[in-house]
Amino acid sequence: MLSKTLPKHIAIIMDGNGRWAKSRGLPRLEGHRRGVEVAEEMITAVHNRRIPYLTLYAFSDENWNRPKEEVDTLMVLLELFLKSKQQKMIDKGIRFQTIGAISKLPENVQQTIAETKEMTAKGNQMTLILALSYGARNEIMNAITRLVRETPSLLEPVLSEVEGGEGWGEGTLNQFLDTKNYPDPDLLIRTSGEYRLSNFLLWQLAYTELYFTKTMWPDFSESDLQKALEEYAKRERRFGKISEQL
Ligand code: FPP
């Protein structure tokens, strides 16, 4: 049986801004500027299709290692994006959320993030999640640390399950991840011809359909999104079962 339905949650690794700019003899900043425009176009396209969750990998843990000038530019673009789109998000019923180590971001960006979350909290058409200063291993380590610290009484059933007993399930760890309030992505898109997950949502992508395209993010368009959705619709999601069981 083919899954003809749309995904409920799309996650995107928006890659290739730098190479796109370089191939045109432009500064990397131009690639990122165009990248933000494409992000906005995709948010609209996903919203128009009534897909309820979109997660965009906007800034990774490792991106802090880029030259300071580029990091600063990305922070400025992020802040400008949020400030200039707040009203549009409210009008369209888009709830803004983040995952990642937000406390590492500059103070002004943190404030704008908090303000945008608050202003859009009632949005019930779509949840837009930006991954910022995000790394999946870090997220999982933090989740385990907090789980142990905050709920030591949960440890007994954990140990009991590890030893073959009843108790604790994956859902318990889920509750401590940054993504606890969202369903796992159904479809992951990565642009720019790189075939890696790059420390993105490692736990949550366990059963996600992966879609890779050589298109650089600044060239990604609604028709590329449509192609990914058509490919997704053809995939058979078996979650470990056989076709006849679905
Ligand atoms: C990858 O290109 C992209 C990033 C490092 C993140 C930047 C993302 C955007 C500008 C979109 C931001 C969206 C919002 C909504 C603020 P790259 O620089 O890694 O490209 P390269 O691999 O070709 O160097």
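For ligands, and for the atoms within them, numbers begin at 1 and follow the listed sequence. Just so you know, these numbers use all the heavy atoms, side chains as well, and skip hydrogens, waters and symmetry mates.
With hydrogens left out, the protein atom closest to atom 16 (C) of ligand 1 is L78 CD1, 4.0 Å, a heavy atom. Summary of contacts: the protein heavy atom closest to atom 14 (C) of ligand 1 is A39 CB, 4.3 Å. Counting protein heavy atoms only, atom 1 (C) of ligand 1 is closest to M14 O, 3.1 Å. The shortest contact between atom 9 (C) of ligand 1 and any protein heavy atom is with N17 ND2, 3.7 Å.
Residue L74 has at least one heavy-atom neighbour below 4.0 Å for each of these atoms of ligand 1: 7 (C). Which parts of ligand 1 touch D15 is read off a 4.0 Å heavy-atom cut-off, strictly below it: atoms 1 (C), 2 (O), 17 (P), 19 (O), 20 (O), 22 (O). Listed by atom number, the atoms of ligand 1 under 4.0 Å from A58 heavy atoms are 6 (C), 7 (C), 8 (C). Of all atoms in ligand 1, numbered sequentially from 1 with element shown, those under 4.0 Å from a heavy atom of R19 are 21 (P), 22 (O), 23 (O). Applying the 4.0 Å criterion to heavy atoms of F81 picks out, from ligand 1, the atoms 15 (C). Shown in contact with R66 at under 4.0 Å from a heavy atom are these atoms of ligand 1, numbered in order with element: 5 (C), 17 (P), 18 (O), 19 (O).
Considering backbone and side-chain atoms alike, W20 places every N or O at 3.5 Å or more from each N or O of ligand 1. Of the polar atoms of G18, at least one N or O is found under 3.5 Å from an N or O of ligand 1, judged by distance alone.
In this structure, L128 and Y53 have side chains that are not in contact, with every pair of non-hydrogen atoms separated by 4.5 Å or more. Using a 4.5 Å heavy-atom threshold, the side chains of L187 and H9 count as separate. Annotation: side chain of Y134 is not in contact with side chain of E62 (no heavy-atom distance under 4.5 Å). With a 4.5 Å cut-off on side-chain heavy atoms, M126 and P52 do not count as touching. Residues Q86 and T112 have side chains in contact (heavy-atom distance under 4.5 Å, counting atoms from C-beta outward). When side chains are defined from C-beta on, L105 counts as touching L132, because their heavy atoms get closer than 4.5 Å.
Contacts of E37 with ligand 1, taken as heavy-atom pairs under 4.0 Å, are absent altogether.
A salt bridge links R49 with E222: the distance from a Lys NZ or Arg NE/NH1/NH2 to an Asp or Glu carboxylate oxygen falls below 4.0 Å.
The closest approach between any non-hydrogen atom of R28 and ligand 1 is below 4.0 Å. At least one heavy atom of N63 sits less than 4.0 Å from an atom of ligand 1.
Taken from CG in N124 to CZ in R95, the straight-line distance is 9.5 Å, to the nearest 0.5 Å.
Counting only distance, with no hydrogens or angles, the side chain of D178 and the backbone of E139 share no donor-acceptor pair below 3.5 Å.
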Given the rule in the salt bridge (Lys or Arg N to Asp or Glu O under 4.0 Å) test, do R235 and E230 qualify, once you have shown the distances and angles that lead to the verdict? CA-CA 9 Å; R235 304 254 181 111; E230 281 163 19; over 6 Å; no
